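Per chain, numbering begins at 1; letters A, B, ... match sequence-line order. Everything numeric here is computed off the predicted structure, so don't read it as measured data.
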Protein chains: 2
Amino acid sequence: MEIIELLKSNSLRVTNHRLAVLTYIHQATSALSHSDLESNFKGEIDRVSLYRIINAFIEKNLIKKIIDAEGQKNYIFNAKHNQKEDVNIQPHYKCKTCNDIIELPELPETYLEKIKGLNIDHINVLAEGVCDVCKEEDKK
Amino acid sequence: MEIIELLKSNSLRVTNHRLAVLTYIHQATSALSHSDLESNFKGEIDRVSLYRIINAFIEKNLIKKIIDAEGQKNYIFNAKHNQKEDVNIQPHYKCKTCNDIIELPELPETYLEKIKGLNIDHINVLAEGVCDVCKEEDKK
DNA sequence: ATCGCATTTGCAACAATGTTGCATAAATAA
DNA sequence: TTATTTATGCAACATTGTTGCAAATGCGAT
Ligand SMILES: [Zn+2]
Ligand SMILES: [Zn+2]
Ligand SMILES: [Zn+2]
Ligand SMILES: [Zn+2]
């Protein structure tokens, strides 16, 4: 199983909880907040364990934490979990209604040139709005 | 007084608290977190009132809320409080050590063109790192 | 398969951050 | 000055995140 291998190859013990959570995030079509996870695993996984599981995944680069304009944390599966570099410049677009997050094109080199005088660890780029699908829904 | 006028012209009642808070944010050289404000006004202004004062300022565009890579909210005076538009695309750089926030050049038109097919309300761009001044300090 | 050690988990307790309702105080309009 | 509206403080509560520790589980080595 893909997910099991993913855990093993990142020297994370394969527990039922980790399997369930990573599988859930992997198949999710939208970004999940911590409370999304809490309600999904209510009665199964303790809130504190979820925090620790999530943090382990982030450290191993298996999921990405995306912070929206209100400071809310959302988690998505990191399809590029092999590449350890440059992952943190990836711009995203987040629909404020359905929570879907898609990747945007990378910032142009010309722009990065302009700001390269600064010591920059990472750049966060998040565009937000209501996606076409949700906009259509609203009309009804 | 500049600050008093700022409140009046935004139809906010001029109270001692609002004057004190807005003056404090205006003269600050770095972005202030809520707990920064709490400790500064400890014993003078209630925590809840601070939340309400801050929210009022944000609604009136007098200050800007900047969310860092950890989701922490920081507030800075909005020098462009007159312009109501395009304020929310302004990229920023935040020093992780001294908390200073400076403005970065705007995103190139070519990039905005690329993503204009999406419904975008605002774009958040925040670069983070340790500024030159703080990097020097560290060496000592 | 079993043993033993290291890691993970649940639970309780706590800390930090943010919200709401309501009585009182203060600011502005009349 | 008075009346009306708005702001404030306080208490209570909700949400989010952290820590310590005992019990459960995973896993490598027998
Ligand atoms: Zn996959
Ligand atoms: Zn949507
Ligand atoms: Zn000024
Ligand atoms: Zn600095």
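Side-chain contact check for A/Asn119 versus B/Lys135: some heavy-atom pair is nearer than 4.5 Å. Contact check for A/Ile54 versus A/Ile25: side-chain heavy atoms found under the 4.5 Å cut-off.
If you take OH on B/Tyr93 and CD1 on B/Ile102, they are separated by 7.0 Å, rounding to the nearest 0.5 Å. B/Leu12 contributes atom CG, which lies 9.0 Å from atom CG of B/Leu6 (distance to the nearest 0.5 angstrom). Distance CG/B/Asn40 to CD1/B/Ile45: 8.5 Å, rounded to 0.5 Å.
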Worksheet item: In the 5'-to-3' direction, what one-character label does each nucleotide of nucleotides 20-30 of chain D receive under the scheme B = base within less than 4.0 Å of a protein heavy atom, S = sugar-phosphate only, - = no such atom?
Response: B-----BS---
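Taking 4.0 Å as the cutoff to heavy atoms of chain A, we find the contact window on DNA chain C bounded by C/dA6 to C/dA12.
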Worksheet item: When you look at B/Leu126 and B/Ile67, which way does the side chain to side chain contact (heavy atoms under 4.5 Å, CB included) test go after all the steps?
Response: CA-CA 8 Å; B/Leu126 181 66; B/Ile67 288 163; over 6 Å; no
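Taking atom CD1 of residue B/Ile45 and atom C1' of nucleotide D/dC10, one finds them 15 Å apart after rounding to whole Å. In this structure, A/Glu70 places its CD atom 17 Å from P of D/dT15, rounding to the nearest Å. We find that OH of B/Tyr51 is positioned 15 Å from P of D/dG9, with the value rounded to whole Å. Following rounding to the nearest Å, A/Asp46 (CG) and D/dG17 (P) show an atom-to-atom distance of 15 Å. In this structure, B/Leu37 atom CG and D/dT8 atom P are separated by 14 Å, rounded to whole Å.
Of the listed residues (B/Asn124, B/Ile76, B/Val125), just one forms a side-chain contact (heavy atoms from CB on, under 4.5 Å) with B/His92, and that residue is B/Ile76.
At the heavy-atom level, B/Arg47 lies under 4.0 Å from base atoms of the strands shown. Backbone-only contact: A/Glu44 has heavy atoms under 4.0 Å from sugar-phosphate atoms and none from a base.
The two residues A/Asp46 and A/Val48 have their closest heavy-atom pair at OD2-N, 2.9 Å.
End-to-end axis angle for the helix from C/dA1-D/dT30 to C/dA30-D/dT1, using five pairs per end and rounding to 10°, comes out at 40°.
A donor and an acceptor atom, one from each side chain of B/Gln90 and B/Lys64, are nowhere located under 3.5 Å apart.
Taking the charged nitrogens against the carboxylate oxygens, B/Glu70 and A/Lys65 do have a contact shorter than 4.0 Å, which makes a salt bridge.
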